[in-house]
Colleague: 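The following block contains the structure, expressed as structure tokens.
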Number of protein chains: 2
Amino acid sequence: MTGKPASNRVYLVYVKDEEAGMSGQEKRKTRDAEATKKRIMQAAKKEFAKHGLAGARVDEIAERAKANKRMIYHYFGSKEDLFQAVLEEAYLDIRTAEQKLDLEALPPDEALERLVRFTWNYYLKNPEFITLVNSENLHRARHLKKSERIKIASRKFVGMMDGLLDRGVKEGVFRPGIDATQLNITIAAIGYYYLTNRFTAAIVFERDMMAKDALEERLAFNIDTVMRLVKV
Amino acid sequence: MTGKPASNRVYLVYVKDEEAGMSGQEKRKTRDAEATKKRIMQAAKKEFAKHGLAGARVDEIAERAKANKRMIYHYFGSKEDLFQAVLEEAYLDIRTAEQKLDLEALPPDEALERLVRFTWNYYLKNPEFITLVNSENLHRARHLKKSERIKIASRKFVGMMDGLLDRGVKEGVFRPGIDATQLNITIAAIGYYYLTNRFTAAIVFERDMMAKDALEERLAFNIDTVMRLVKV
DNA sequence: TAACGAAGTAACCAGTTAGTGCGTTAATTG
DNA sequence: CAATTAACGCACTAACTGGTTACTTCGTTA
């Protein structure tokens with residue numbers, strides 16, 4: 001009736017996570033902002049990859065990350081901002097891995113084959129990347145547009161391919177006049193399409209697209225395709 | 001107080017759609033199940049293509065179709081069933097168009113080029129197809145799996161390609177040993193990937209992917225890629 | 001022409017979902 | 001060690017959304 005009404009909320013005491021017999025796993029520290037952020041990012045990557053931006057559920061991400069939903073909003077601001085963070089990290093990861101291929105140290109044709117193999121294997125081992133990119137394109141690259149870091153990393157990547165093609169032409173192993181962008185897109189396409197559309201393709205072609213020999217056959221076919229395209 | 005309470009709903013009188021000066025367009029009949037169904041399908045195709053299955057809004061579809069939401073559930077049962085209907089129609093449409101190409105009447109190399117051109121142009125003119133397929137793959141082809149009609153149409157399509165390759169080998173214009181499925185996937189991939197990922201690609205490659213000359217360049221590159229792949 | 005089934009409609013509902021208010025608890029620092 | 005700061009958590013809500021109820025009205029046909 002008078003003054004402030006007493007809070008009717010009930011708060012539980014923190015439960016120590018030292019459950020008996022649960023050792024072996026490194027014990028989660030009680031407070032660790034970076035670790036929590038990382039767990040949220042990982043969980044979000046999975047969830048966004050599985051259901052797309054619209055289909056993903058923030059509650060699900062929180063649960064998977066073993067974090068409170070409030071933390072997501074604390075660290076990332078909104079569902080969309082979280083998506084953007086996840087997407088940016090995914091792009092940066094593949095671009096970084098590409099830089100590590102050290103293609104400059106190899107003869108042009110070997111370098112190109114290595115790139116085709118790498119691209120294929122990266123998609124294969126990081127299926128979330130493909131789905132995230134699909135989602136982002138459904139949203140007309142609205143999020144990627146904002147990332148300056150991605151633009152810089154992309155330029156470096158395109159430059160690397162330009163250099164590789166030039167070198168191949170100079171050494172007489174590649175025919176001249178090939179556009180680096182077109183080649184890049186093709187290398188990505190022949191792997192990406194196979195993997196992203198493997199479910200519908202399995203029905204159309206009545207094959208198990210993910211069988212070990214099917215995957216090997218595809219990689220060999222793709223290398224062949226690219227080599228026939230560039231060789232003199 | 002007693003007996004049935006009177007309905008408190010207010011019903012509006014049907015509004016005749018003979019708005020002054022709106023002629024020229026063929027007047028919509030007051031009752032036309034087929035037309036309504038078709039409008040719903042078209043609206044759904046747009047909405048699903050634009051936002052994906054999860055992102056699409058049934059209310060939006062109803063509005064765009066100028067139909068009542070109840071009609072969607074009356075004709076299609078559920079949002080998912082509507083998606084399935086739209087997807088099936090989309091697949092049937094491209095498979096039908098392919099059959100009409102009459103590739104058997106052409107020399108093998110010309111037939112193949114025609115198919116590459118057709119595939120590219122079909123994707124270009126039917127952007128919803130690509131996005132629907134992406135959505136369906138996000139859902140692991142859950143809906144397509146149920147469609148027997150698609151399976152039959154697919155078999156016919158694969159058979160056509162098999163025949164074309166065989167004929168090319170016999171006539172000595174194609175090299176032997178090419179797998180029809182791999183080739184098919186590649187033909188689709190190099191067009192599909194370019195178009196579906198045009199938004200992120202525009203950022204990575206800093207190009208306008210949809211500029212007229214960019215599109216022409218890509219088609220030429222794709223034809224070249226396929227021809228180098230199959231020719232002896 | 002009465003009557004019946006199909007086409008059409010608006011209001012409603014129950015469950016979901018992104019996002020918050022407001023509090024507690026652990027770590028850090030003066 | 002007191003005070004401040006940052007991490008964390010529960011309960012809640014406003015808006016949304018797929019689906020339904022309960023009707024009206026049109027077109028056809030027995």
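Here the structure is a predicted model, which means the values were calculated and not measured. Just so you know, these numbers use all the heavy atoms, side chains as well, and skip hydrogens, waters and symmetry mates. Chain naming here is simple, since letters A, B, ... match the order of the sequence lines and numbering starts at 1 in each.
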Colleague: Any N/O pairs under 3.5 Å between the protein and nucleotides 15-17 of chain D? List them or say none.
Modeller:
| residue | atom | partner | partner atom | Å |
| --- | --- | --- | --- | --- |
| D:dT17 | OP1 | B:Arg57 | NE | 2.6 |
| D:dT17 | OP1 | B:Arg57 | NH2 | 3.4 |
| D:dT17 | O5' | B:Arg57 | NE | 3.3 |

Colleague: Please work out whether the ring planes of B:His143 and B:His139 are parallel, tilted or perpendicular, with thresholds of 30° and 60°.
Modeller: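 Rings of B:His143 and B:His139: perpendicular, over 60°.
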
Colleague: May I have the distance from B:Tyr73 (atom OH) to D:dC23 (atom C1'), rounded to whole angstrom?
Modeller: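 Taking OH of B:Tyr73 and C1' of D:dC23, I get 19 Å after rounding.
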
Colleague: In whole angstroms, how far is the P atom of C:dT17 from the CD atom of A:Glu60?
Modeller: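 In whole Å, C:dT17 P lies 10 Å from A:Glu60 CD.
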
Colleague: To the side chain of A:Ala33, which of D:dA7, D:dC10, C:dG19 is closest?
Modeller: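 Selected nucleotide: D:dA7.
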
Colleague: Considering only side-chain heavy atoms of B:Thr36, which listed nucleotide, C:dG19, D:dG18, C:dG8, is closest?
Modeller: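 From the listed options, C:dG8 comes nearest.
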
Colleague: Tell me: CG of B:Asn68 to P of D:dT24, nearest whole Å?
Modeller: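 Those two atoms, CG and P, are 15 Å apart.
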
Colleague: Which part of the nucleic acid, if any, lies within reach of B:Tyr75 when heavy atoms closer than 4.0 Å are counted: base, sugar-phosphate only, or nothing?
Modeller: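 Sugar-phosphate only.
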
Colleague: Calculate the interatomic distance between A:His74 atom NE2 and D:dC10 atom P; express it in whole Å.
Modeller: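 Whole-Å distance recorded here is 16 Å.
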
Colleague: Return the set of residues passing side-chain contact (heavy atoms from CB on, under 4.5 Å) with A:Thr181 (not counting sequence neighbours), or none when no residue passes.
Modeller: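 Residues passing side-chain contact (heavy atoms from CB on, under 4.5 Å) with A:Thr181: A:Asp179, A:Ile185, B:Phe205, B:Arg207.
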
Colleague: With distance as the sole criterion, do the side chain of B:Arg70 and the base of D:dT21 form a donor-acceptor contact below 3.5 Å?
Modeller: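 Answer is yes: a donor-acceptor pair is held.
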
Colleague: Considering all heavy atoms of both residues, which atom of A:Val86 and which atom of A:Met41 are nearest to each other, and what is their separation?
Modeller: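 In this case the closest contact between A:Val86 and A:Met41 is CG2-O, 3.9 Å.
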
Colleague: Return the set of residues passing side-chain contact (heavy atoms from CB on, under 4.5 Å) with B:Ala202 (not counting sequence neighbours), or none when no residue passes.
Modeller: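 Testing B:Ala202 for side-chain contact (heavy atoms from CB on, under 4.5 Å), a comparison that skips the adjacent residues, returns B:Met209.
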
Colleague: In whole angstroms, how far is the C1' atom of D:dG9 from the CZ atom of A:Arg39?
Modeller: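 Checked: the CZ to C1' distance equals 14 Å.
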
Colleague: For a quick test of reading the model, state the closest non-hydrogen atom pair linking A:Thr119 to A:Ala188 and the distance between them.
Modeller: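 Scanning both residues completely, I find the closest heavy atoms to be CG2-CA, 4.3 Å.
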
Colleague: More than 12 heavy atoms of other residues, nucleotides or ligands under 6.0 Å from NZ of B:Lys146: is that the case?
Modeller: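 More than 12 heavy atoms, drawn from other residues, nucleotides or ligands, come within 6.0 Å of this atom.
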
Colleague: Under 3.5 Å, sequence neighbours excluded: what are the donor-acceptor pairs made by side chains of residues 127-135 of chain A?
Modeller:
| residue | atom | partner | partner atom | Å |
| --- | --- | --- | --- | --- |
| A:Thr131 | OG1 | A:Pro127 | O | 3.0 |
| A:Asn134 | OD1 | A:Tyr192 | OH | 2.7 |
| A:Asn134 | ND2 | A:Thr196 | OG1 | 2.8 |

Colleague: Let me know the distance between CD of A:Glu34 and C1' of D:dA6, rounded to the nearest Å.
Modeller: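 Rounded to the whole Å, the gap is 13 Å.
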
Colleague: Ignoring hydrogens and angles, answer whether the base of D:dG18 and the side-chain atoms of B:Lys69 contain a donor-acceptor pair closer than 3.5 Å.
Modeller: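 Between D:dG18 and B:Lys69, which were checked side chain against base, a qualifying N/O pair under 3.5 Å is present.
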
Colleague: How long is the line joining CD of A:Glu63 and P of C:dA18, in whole Å?
Modeller: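 In whole Å, C:dA18 P lies 13 Å from A:Glu63 CD.
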
Colleague: Angle between the two end axes of the helix from C:dT1-D:dA30 to C:dG30-D:dC1, five base pairs per end, rounded to 10 degrees?
Modeller: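 End-to-end axis angle: 0°.
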
Colleague: Ignoring hydrogens, what is the shortest heavy-atom contact between B:Val204 and A:Ser154? Give both atom names and the distance.
Modeller: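 Smallest heavy-atom distance, with atoms named: O-CB, 3.5 Å.
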
Colleague: Of all residues at least two apart in sequence or in a different chain, which pass the side-chain contact (heavy atoms from CB on, under 4.5 Å) check with A:Lys46?
Modeller: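 Once residues adjacent in sequence are excluded, the partners of A:Lys46 under the side-chain contact (heavy atoms from CB on, under 4.5 Å) criterion are A:Arg64.
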
Colleague: Nearest-Å distance, CG (A:Leu82) to P (C:dG19)?
Modeller: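 These atoms are roughly 10 Å apart.
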
